[in-house]
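Note on naming: letters A, B, ... go to the chains in the order of the sequence lines (proteins, then strands), and numbering restarts at 1 for each one. Just the heavy atoms: all of them, side chains too, but no hydrogens, waters or symmetry mates, feed the values below.
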Amino acid sequence: MGMLRIAGGRVYDPANGIAGAVREVCIRDGKIVADVPPEARTIDARGMVVMPGGVDIHCHIAGPKVNLARKVQPEDHRHDVHLRTRITRSGTGGTVPSTFATGYRYAALGYTTAMEAAVTPLGARHTLEELHDTPVIDKGFFVLVGNNVLLYRLLQEGRTEEFRHALAWWLGATKAYAPKLVNPGGDELWKGQRNANITKLDEKIGPFDLTPRQVIAAFIEAANELGLPHPVHIHCNNLGHTGNYETTLETMRLAEGRRAHFTHIQFHSYGSVAGKSRDNPTSRARDIAEFVNTHPNITADVGAVMFGRSTSMTADAPLAYMLRRFGGAKWVNADTEMESGCGIIPFTYQDRVYTNALQWAIGLELFLLSEDPWRMVFSTDHPNGGSFMTYPRLIRLLMDREYRKEQMSRVNQKALDQSGLRDCQEREYTLNEIAIITRAGPARILGLTEKGQLGVGADADVTIYEEDADKEKMFAAPRYVIKGGELVIEDHEFRTEVAGRVYHVAPGYDPGIERVLEPFFEDYYTIRFANYPVADRYAPHARVVPTAPAGAS
Amino acid sequence: MSLAITLHTPPAVPLEADALSPARLAGLAPDQVARCPVVHGNQAAELGEFFTVSGTADGEIHLEGDLSRVKRVGAGMSGGRMVIHGPVGMHLGAGMSGGEIVVEGDAGDWVGPEMTGGRIVIRGNAGHMVGSALRGSAIGMRGGEIVVLGSVGNEAGSGMRRGLVAVGGDAGDFAGVNLVAGTIVVLGRLGWRTGAGMKRGTIVSMQPAELLPTFAYACTYRPVFLRLYLPHLRRLGLPVTDEQVNGPYQRWSGDAVELNRGEILLLESGLAARQAA
Amino acid sequence: MSEAVRVVPDATCTFCGCVCDDMVLTVDLEHKRITKAENACILGKAWFKEHSHEDRPFALIGGREATTEEAVEEAARILAGARFPVVYGLSDTTCEAQRVAVAIADMIGGTVDTTTSVCHGPSGIAFQGVGESTASLGEIKNRADLIVFWGGNPAEAHPRLFTRYAVTPKGMYVPNGKKDRTVVLVDVRRTLSTPVADIFIQVKPRSDFEVLWALRALVKGRPVDPAVEQRTGVKLEVLQDLAHRMKTCRFGALLFGMGLTMNRGRHFNSGALLALATDLNEFTHFVAKPVRGHGNVTGADNVVSWQTGFPFGVNFSRGYPRFNPGEFTTVDLLVRGEADAALIIASDPASNFPKAAIEHLKRIPVITLDPKATPTSQLARVAFTTATYGINVAGTVYRMDDVPITLRPAFESPYPSDEQVLTAIRDRVRSLLGGNRLPPVPAA
Amino acid sequence: MAEIMTLIGGRSNKQGTALCASKLGAEYRELCSTVEMNLEDMARLGLTNNSKVRLRSAAGEVIVRCKGRESKDLPPGILFMTYGPVSSQLMAGDTAASGMPISKNLDVEVEPVVETEAETRGG
């Protein structure tokens, strides 16, 4: 690993208060350093913009459900192929690219870190195998614990200490980065009560003496006590349902000042006409944005919708089943014992369709109403709201008012009337704000201190864009991408391939908890307790991010 | 005078010759045609390594030789005319939108998959998946005509949304499976499970056939549209009789597991013939 | 316990797709034999106990003994020079080896295909048409109160499917095991599996599609032609009763075998069954699952899918993955005489492919990796002897329900693993080609 | 005389255990060279357990020994054989654009074989 000097570029490094100043960025042994000797290679970045590598806080790129979504759509790969070169592997694209194509395409957009957002514990080993074959970018995953039968049993018996130890064990055993809640309580009704679903936070969860409210509160508390870098990642109940914004606000209130991240909130910001839940949804983006603006403990990613082909893939099985009525021919459902559900539907968002246009507008509203870019960050919930390949266009929609107005004129106008988008259409994001919502913000929310910034000691993940009035063009193809100090892309071409690291946590727990878990495993799981934890060799380039338990320090 | 392209060296492994299409060769001199790129297995090659080229490209191309290992001939073809004197390989006229291909011999699997327009006439037999959808796609042929004088394999016209597939001989299993619309005419015998999952569209057969339990007899009548379709097919070389043009036909509706708006028409006298036998 | 004896708990059997991970192996280290395999079924016991190293050469080139290095050189020369090579097999090796095999196919611009294409490949094609409602085996164990086995004989092919996962085990919501479940078996003949069924439905050969199609109509309340009785040999009342049971159960499962896929109708038989399971979700929770064969055929599907986007039959000759069963599947490549070389890993096509395919295998240079001598290794130009996964080699294997499990080998083998041999071949091919073979032309 | 019957290829646990030992061994070979047949069909054809029969399909022919099964287990007109090098000789190569050759429910012509003829054919 050599030395590198990037000179003459306008640097955007919000974490260090640098917003477009022309200054040098120096790299040595994979890290940002204060200076390098004169003999170091210099990249002439005059007329270019220098930013930390992009950080995707929430996407679906690896693991069991992603692979099912790949397998089920040969027609989506056929028209978007990825040729091999002397040094890089071939692959296929579409809304769910093959692993190699995923790594290369993220890097080619200037992204150097991405978090897979929903993995069943039983699927952790599979996910790590796919991440191993996802080159260049650093990555990690969130593990699904919000419908875990054993954790529910500990909760309903009031065994909160053991619940916390069990959660810590599960995070470590699966090499996860953070706990993920998806439609808490929904799976038990889906699997056990003829495809029913949870609709209220205070509804009893099937056979358990528990409600979603109790479950969510318990996870927020335990995760904060464990001092996780990213305490808990929440996909609220009632996703996609008309009138769901009330559920979303109620859930946010449960945090009570403690840290919690709420994901793809665009899908959770729907109102209804005079409380009629059957009618077309309306926009409640303003209510949601205002709550986030005024609650510094809350962070969120938007989950914007972009028109065109997408694949709805979620642990929220009842949702996918609902979409099946609009979606089309293929529906995949995959239940995981004791842990989760999963649903997959190929889906196309159309600008003329009321609901789709409203979802598009709400995504933009949330961005434009946000007063703190550090806490309302960028995502399309790839590939649910749209592929990560649409990020450059979404950036242009935020930065270019005229382009946005022109796009607004093309969509279903009834939907636009229902949204508040016209009221906030004057705002334009600055390059510095873009650097925050696509890099610095996600890194800070994730607790990845070496990412999303270019201060001395940070990871040398750097993206260099050629300035262009057309921001979609500018962000679609950076001139240089440096990953961990390696010049991976030069003049838009891959010059080398690097593996990328896996980030995970390993919180401490009372070993005694295993005596509680093992009998349950032998009774109800179909693999042995001893064969459940994932061995270190599945994460060959692992970085364990330390936790700061409450009361410790 | 047209362009004559004759095989001089049969390929050792499959040859993908997308270049063999009137639009791609328009205005090229023989030596330029000979330099057109083809893919021989995993390696780049030129047409000239396998074919001798003569004449001038005036929109009509004549191919000579055993092309059964040559794939994708006329793929994406949008106009002009191509006559193949001999057998031809897979994906003939794949996704074509216009023009005409005539094969004086047999054709491999996937004749005109997902085509949107134009006409393909096969004087011999064709393989499986004639005018079909590709795996994973719900929609197959979107327009155009495929006429096979001989027999065809399985899944002819699968997922067709618009267009015509006509077969002089027999059809294999699952003809018109998942048919969305469009017409399939089979003068010979139908294979098993014809029209399984069809939503709309018409499948016509001149021979008795055992249909799925989800098809129901509706009526016997003389369809007017056949008096337009069948003489047209006769002009294209199918041995259509006056009796077939005039009917009567039994109308079976299905598929009940789907929309149930499709129909299978069976020529009455064909059925009579069965009872006699 | 003597020095030379070792006990390996929680070991995994990779003989069939059940991939049971509760073996307790007793190993005689001195004679390199497994003397006891606790919890193993009849097939598993044979798998472990018959495993011994007959003293085979590390490699054969044209029937002559050779070192692994010499064989790697010859194999690399064949693969680097081939214009339309096929890499086939992969169902009885680790995911780690499968990854390298796909990398080789990509690098040389060949085709990669697995035994899936002659196993549940048609179910994979059906999946791409209609999707699938499915579940991990533990959900069936803990919840299923109705289980329908279709076109399979688990008692002889997957013995512990009944005892560990699907029929007899007690589950969270079926505390009395079999007493709490209704088991239906549909097949063309009685087998050792039949006695497990509460209801046995014997269908005429080649009528599974008609039976499934009639059930779909009945479930949807649509009319069914009574002629279905003659066609299928099953009374309409029997079908009506089954449809009613399926609609009214709490959690139903359809487990199907190759009686559907290897039969006239192929992918449409599987598709009809998958569609039936999907239809039933309008009324209750219903899942379907193909019962997969070889130990890691499911891993092969997963690895090929995540690396290429397609599950099997993937061709790289134009520089990117293309999927087309019938064009790029191994039986077709051989029967049509198109493949000009074959790298066959942990599989024996010469024993189960159609005659015409086997004849072409005899005409082209074949490279095999296998722990044992087989009819295929006997016709190979280059035959490697490799260590056995799960017994001598660690790694990852996917159970038939996509659950990945890490292997715990019992003892060392003198032979290299498939992964080691394939990695050596890949590296040698790379140096012969100077990197990946460049695509012949831009994407069409 | 010859009759058309339906041949089903499949797995058996005997085959499973035998191939663990060796696919080149006598036991495996013998297992794969035995066809199960309905007893009434055998009687009609003048066959007893272990007699030799010729099976002929569109793709090829083989000579195997037969083994009787009751009607309740194996209906008349149905034959069962374990997969292997022998049954594959009867499989046609056409996969109908699926990749899968048909190995279950093949139409085969069944014909008794006079032992002496079998010897000369090396059956």
Exceeds 12 heavy-atom contacts within 6.0 angstrom, atom NZ of D:K14: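 Count not over threshold, so no.
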Does a sphere of radius 6.0 Å around CD in D:E30 hold more than 12 heavy atoms from other residues, nucleotides or ligands, not counting ones at 6.0 Å or beyond? no
Verify side chain to side chain contact (heavy atoms under 4.5 Å, CB included) between D:D94 and B:H128, making sure each step is shown before the conclusion. CA-CA 10 Å; D:D94 180 17; B:H128 302 288; 3.0 Å; yes
Roughly how far, to the nearest 0.5 Å, is the CD atom of B:E155 from the OG atom of D:S98? 8.5 Å
Of all heavy-atom pairs between B:R135 and D:A97, which one has the smallest distance, and what is that distance? NH2-O, 2.9 Å
